[in-house]
Each structure stands twice: as structure tokens, then as C-alpha cells.
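Here is the structure we will look at, set down as C-alpha cells.
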Amino acid sequence: MGKQYDKQFKEDAVKYYFEHKELGLKKCAQNLAVSKTALGTWAKTARENNGEVPVRGSGNYANDEAKEIARLKKELRDTQDALEFKKAIGILEN
């Protein structure tokens with residue numbers, strides 16, 4: 001998995017690229033120490049979203065509460081899977 005950049009960094013990087021188009025995408029990406037592909041993706045997304053670069057990160061959540069609910073649901077699924085696995089092992093041992 002690649003390096004994670006926050007929303008502010010991405011928006012600043014896109015702004016830099018748009019202000020220095022004469023350098024080209026490759027050179028701007030090098031100057032910012034990011035991949036050309038990442039900067040291109042951020043720029044495309046910014047054009048489609050009025051200059052804003054939505055950040056996915058660990059999920060697009062409306063707020064911290066929604067993120068916590070998603071985390072708890074995942075934890076519950078993992079626990080249920082482990083329980084089913086233990087039951088299956090118990091059946092096999094009998």
C-alpha cells in the first residue's frame with residue numbers, strides 16, 4: 001500500500017500543479033515527491049469537484065460517529081466469523 005496523503009496536501013499539490021502547468025505533470029510530481037499518476041488523479045478529481053479533492057482514506061464517512069459504527073460492524077463480523085470457525089472445528093473433532 002502506498003503512502004497516504006491528507007486532503008490539504010492533495011489540494012495544495014493540485015494548486016501547485018495548476019499554477020505551474022509550464023513544468024508539466026511529471027516535473028511537478030517530482031518537485032512534490034509524489035507519483036505522476038497520483039498527482040494526475042488528484043488534478044482530475046479536483047477539476048470534477050470544483051477544486052476539492054475528496055479523500056477516501058479508510059472510508060468516506062459523514063462524521064466520526066459513522067466511522068466508529070463501521071468499525072464496530074466490522075469487528076462484529078470478524079467475531080461472528082471466528083465463532084462460526086470454532087463451531088466448525090468442534091463439529092469436525094466429534
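A quick note: this is a predicted structure, and the numbers were derived from the prediction, not measured.
Contact record, V53 with K7: O-CG, 3.6 Å, taken as the closest heavy-atom pair. Residues L32 and F9 come closest through the heavy atom pair O-CZ, 4.1 Å.
A search for side chain to side chain contact (heavy atoms under 4.5 Å, CB included) contacts involving E68 returns R71, L72, not counting sequence neighbours.
Rounding to the nearest 0.5 angstrom, the gap separating the NZ atom in K74 from the CG atom in L76 is 11.5 Å. One distance of note links CZ of R77 with CD of E75; it measures 11.0 Å at 0.5 Å rounding.
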Hey, can you pull the donor-acceptor pairs under 3.5 Å for the side chains in residues 12-25, sequence neighbours left out?
| from | atom 1 | to | atom 2 | distance (Å) |
| --- | --- | --- | --- | --- |
| D12 | OD1 | Q8 | NE2 | 2.9 |
| D12 | OD2 | Q8 | NE2 | 3.4 |
| Y16 | OH | N31 | ND2 | 2.9 |
| H20 | ND1 | Y16 | O | 2.8 |

